[in-house]
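Convention: sequence-line order gives letters A, B, ...; per-chain numbering from 1.
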Number of protein chains: 2
Amino acid sequence: MDTDYPSDQTPAVRRRQKVRDSILAAAERVFAKEGESGLSIRRLAEEIDYSPSAIYKYFGSKEELLEELKEAFFDRLMAQVDRVAALNLDFHDRARACVTTYVATAVERPHHYAAAFSSIPTVEEAAARQNLGWEDFIQTSKGQAFKVLVDLVEDGQARGVFDRTLEPVKAAKSIWASSHGLALLMIHMPVLPDMQPCEAQPTGDFVAFHADIVMRGLAVPASTPQQNGAST
Amino acid sequence: MDTDYPSDQTPAVRRRQKVRDSILAAAERVFAKEGESGLSIRRLAEEIDYSPSAIYKYFGSKEELLEELKEAFFDRLMAQVDRVAALNLDFHDRARACVTTYVATAVERPHHYAAAFSSIPTVEEAAARQNLGWEDFIQTSKGQAFKVLVDLVEDGQARGVFDRTLEPVKAAKSIWASSHGLALLMIHMPVLPDMQPCEAQPTGDFVAFHADIVMRGLAVPASTPQQNGAST
DNA sequence: TTAATAAAGTGAACACTGTTCACTTTTCGA
DNA sequence: TCGAAAAGTGAACAGTGTTCACTTTATTAA
C-alpha cells in the first residue's frame, strides 16, 4: 500500500486522491469479504461517511470502480508470479512454483479472481476482439500474464524439458487453462480438493500434484527421439 | 424436450405444468442470450403474459428458478459426456472425446456453464461441506459427473495407458480442472483460443490439442520413475 | 481582502430490481 | 349449487445504480 501522498502536488489533488483511495479501500474491504453482492454504492458511501452521489465525482460508475479493483488484483497476482518466475530455481521447481503461486494467490481472494474472469462478451464483441492481433493483446494486463507463460514454455523447450514440437503459444494456453481451472474449481467447489476417500492431504499438495501433471503433459514424450542439443 | 403432458393427470395439474414450463422456457430463452443480467421477473412475466407476482405461484424465488435452469443444463452436459464415454472407441479417442465434448457443450451455452459454477461459498459454508463424505458427494449431480471421470481414469490405468501410481481421484480432479479451465477461458477470453501468431486454426483443434496434453500428463512415464511430486 | 470561478458534496428523484400481500377471479370437487 | 382451494393481479415495500439541480466549500485573480 502506498499511503503516502506526494508533496509536489497541490493540497487539492492530494485531498482528492485520499478520498478516492478511501473509496477504493472500502470497496476492497467489502468486496473481499462479500463479493459483488455485498458491494453497493450506498453502502460504500456509508462506510466513508459521504453521500452516495459523492462517489460519482470519483468514479464514472460502479462498473468502473469494480474494474479498478479487478485490475489492481490482477496486477498483484501477476507480480507474485513474476517474482517466483525470476527465482533462481531448477526449471521443474520454477515451473511448478509459477502454477502453485498463481493458484494460491487466486484462491486467497476468491471473489477477486472470479470477478476478473466474469464478463461474457456477446458473439459480436468476441468477433470484434478477434481482429486485434498479437501485438495489441500482448500489451493488455492479461496479455502480459500470458507472455510470462510463453516465455516459460520456450525456456523449458530450450532446456530440453518440454517437447520442442509443441507450439509455445498453444502450450502456454494449455498451462493457463489447467491452472485457471484448478483455481476456479477450488473457489467454486471447495468440496473437491480435500475430498476423500484418499487419505486427507493439505490443499497445497494437490495444487503441486496438478502442476506436476500439467508439466508432464508438456514433457518430451517417451518414444520420440529427442535431439540432445545442449541448452542455450 | 418433452412437450407432451401425461393424460393420467387431472387437467388442473396439466395446465399448471404447462404454465410452469412456459416460464422455464422463457427463462431459458432469455438467459441463453443475455445471461443473468437480462433475466428479470418482470421481463419473464411480460414474455408469458402474466403478472410478475404470478411467477411466485410457481417458483419460490428467482434463485430457485435459476437453480432449475442450471441443474437442467448440467444434466444435459453430463448426458452428452456419458453418451460419448459409452461409445466403443479406442481408449485415447474416448478419453479425448470426453474432454472435447465437455468443453464444446459448455462453450455452446456460455452463460449456463458459467452460472453453474458461479456461487462462492463463505468459509463457514465451505467448512460445513467438508463434512459430507464421499458417499454424499457422489450422489449430487456434480458428484455423478466426477464419478464418470474417476471411472475413466481407472479404465485407463487398467489398460496400461495411465500411470497406475496415480490416485484415480486426484487424477480425475486434475482432468476436470484442466477441462473446466479451458471451457471458462474460451467463454471469458475469446481472444485467446484462435490467437496468433501461430497459424490460425479452428477452435476445436485446440480443444483436442489440450485434451491430448492432459492425457499425456497422466500417461505412464518414460522409463525412469519420475522425480518427486507426481508419483507420491 | 474580495469577487468570480471551479470543485466538492448533497438530497431528492427516476427507473429499475426481487418480493410480499391483500384482494379478486377462476376452477373444481362434494 | 355452494364453498373451498387454487390461480392470478395490482399496489406497495425496500433495495439497487444513477442523475441533476442545488448548496457549500475551496481556489484563484484582481
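Within the 3.5 Å criterion, the main-chain N or O of Tyr58(B) finds a donor-acceptor partner in the side chain of Arg20(B).
Relative to the six-membered ring of Tyr56(A), Lys62(A) misses at least one condition, a distance below 6.0 Å or an angle of at most 45° to the axis.
Remark: P of dG18(C) and OH of Tyr56(B) are 6 Å apart, rounded to the nearest angstrom. We find that CG of Leu66(A) is positioned 12 Å from C1' of dG17(D), with the value rounded to whole Å. Atom CZ of Arg14(B) is separated from atom C1' of dC28(C) by 14 Å (rounded to the nearest Å).
For residues 114-125 of chain B, the set of pairs meeting the side-chain hydrogen bond (donor to acceptor under 3.5 Å, both in side chains) definition, not counting sequence neighbours, comprises Thr122(B)-Glu124(B).
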Review point. Quick one: what's the B/S/- string for nucleotides 5-16 of chain D, heavy-atom cutoff under 4.0 Å, read 5' to 3'?
Key: --SBBB-B---B

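With hydrogens and angles left out, the side-chain atoms of Glu34(B) and His111(B) include no donor and acceptor closer than 3.5 Å. Using modelled atom types, one finds a donor on one side chain and an acceptor on the other under 3.5 Å when comparing Tyr113(B) with Tyr102(B).
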